[in-house]
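See structure below.
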Amino acid sequence: MSTGKKFPAKRLAVLLLLLAGFLLGFLLENGYFDRRLPKEAQSGDVSESPAGDLSTRVHFIDTWQSDCVLIETKEKTVLIDAGDLNSSDEIGEYLKKAGVSKIDLFVATHPHSDHIGSGKYVIENYEVAALLVPDIPEESFPTAATYENLLLAAEKRGTKLLFASPGEEFSLGDGAVLKVLGPVSDYGTDYNNWSVVTKLTVGEISFLFTGDMEAEAETDLLSAGADLSCTVLKVGHHGSSGSSTKAFLDGASPRYAVILCGQGNDYGHPHREVLDALENRGCSVFRTDQKGSIVFETDGESLAVQTER
C-alpha cells in the first residue's frame with residue numbers, strides 16, 4: 001500500500017485551469033481561431049463554412065478613414081488602394097500576416113491620398129507586377145505629390161502601368177475574374193468620379209469595388225448598361241450620402257455591404273441616409289469602424305465572413 005501524499009484536489013484544479021489558459025492564449029496568439037465565424041459577425045445567410053474549404057479571400061483592411069482591399073486566390077494577389085499616408089505600418093503588418101510578398105495587380109482607384117497614400121510604400125516594398133490607374137487626360141491630370149510619387153516609384157521599379165478600360169478582365173485563377181466596369185466618362189478634375197470600378201466574380205458570388213465614385217459616375221455606369229449586381233458591395237466614398245443613389249443600389253442589389261471608415265471621423269461617415277437605404281433593402285452592413293478588418297471567403301457557392309472584433 002502506497003504511503004505517498006495525495007495531490008490536493010483544489011491545487012490540481014487550479015493547475016489544470018492555468019494550463020488550459022496557457023493553451024488557449026497560445027492558440028489565439030497563433031491565429032488558430034482566426035478563421036472561425038465570430039458570433040457577432042453572423043448575418044443573413046452567410047455560411048459558417050471553414051476557410052480552408054474556400055479558395056478566394058477578400059480582405060477589407062481597417063486603415064481608419066481610408067481604403068485598402070486585398071484579394072487573394074490560390075494563384076493571384078490583388079491590392080485595391082493603399083490607405084493614407086500613415087497606413088504603411090498597418091498595411092505592411094497585415095500583408096505580412098497574410099503571407100503576401102508579391103502583388104500581381106495593384107489598383108489605384110483615383111489620385112486622392114486616402115486611397116493611394118501608402119502606394120509608394122507598397123511599390124517599393126513588394127514585387128508589384130502591374131499598376132492599374134484611371135486614364136485621366138493630360139489637361140486634367142492631377143499634380144498632387146502623392147500621386148506623382150506613386151507613378152515615379154512604379155516607373156523606377158519597372159512595374160507595368162495599365163490604364164483602366166471598361167470591359168477589361170483579369171483572370172485570377174480558380175474561376176475568379178476581376179472585371180473593369182468604369183469609369184465610362186470624362187470627369188475633368190472631379191477625381192472621386194474617376195474612381196476605377198471593378199467587379200470580382202467567383203462562380204455565383206460577386207464583389208463590387210467602387211472607390212469614391214459618386215452619383216454622377218453611378219448614373220453613367222447605369223446608362224452604359226454595366227452589370228452592377230453583386231453579393232457584396234464596397235460602399236462608395238466611405239458611406240457618404242453623395243454616393244449610393246437609389247438607382248445605383250437598385251442596380252447593385254447587394255446582400256452584404258462593407259463600409260471602410262474611421263471611428264469619429266470628421267465627415268460623419270457613414271451618413272445615416274446611406275445606412276437607412278441599405279438596411280431598408282435588407283442588406284447586412286459591416287463597418288470597419290465597428291468591426292475592424294473584415295474578411296469574406298468563398299468558393300463560388302458558399303460565403304463565410306470573419307471580423308477582427
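For the pair R272 and E279, the salt-bridge criterion is met [side-chain N within less than 4.0 Å of a carboxylate O]. One finds a salt bridge joining D250 and R281 here, because a Lys/Arg side-chain nitrogen approaches an Asp/Glu carboxylate oxygen to under 4.0 Å. Looking at D67 and K234, a side-chain N of the basic residue comes within less than 4.0 Å of a carboxylate O on the acidic one, giving a salt bridge.
Ring planes of F209 and F60: tilted class, angle from 30 to 60°. F286 and F296 have perpendicular rings, their planes meeting at more than 60° on a 0 to 90° scale where under 30° would count as parallel.
Residues L79 and V100 form no side-chain contact, since every pair of their non-hydrogen atoms from C-beta on lies 4.5 Å or further apart. In this structure, the side chains of Y126 and I91 stay at 4.5 Å or more apart for every pair of heavy atoms. Using a 4.5 Å cut-off on side-chain heavy atoms (C-beta onward), I116 and D81 make contact. Using a 4.5 Å cut-off on side-chain heavy atoms (C-beta onward), I71 and L105 make no contact. Residues I80 and V196 form no side-chain contact, since every pair of their non-hydrogen atoms from C-beta on lies 4.5 Å or further apart. The closest side-chain heavy-atom distance from L181 to L208 is below 4.5 Å.
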With a cut-off of 3.5 Å and sequence neighbours excluded, list every side-chain donor-acceptor pair involving residues 143-152.
{"unit_1": "N149", "atom_1": "ND2", "unit_2": "A145", "atom_2": "O", "d": "3.2"}

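Closest heavy-atom contact between T210 and V235: OG1-C, 3.6 Å.
Y94 and H59 share a donor-acceptor pair across their side chains, judged by distance under 3.5 Å alone. Defined by atom type and a distance below 3.5 Å, a donor-acceptor pair is missing between the side-chain atoms of D212 and H112.
Take H237 and apply the ring pair (Phe, Tyr, Trp, His ring centres under 6.0 Å) test, not counting sequence neighbours, and it matches H269.
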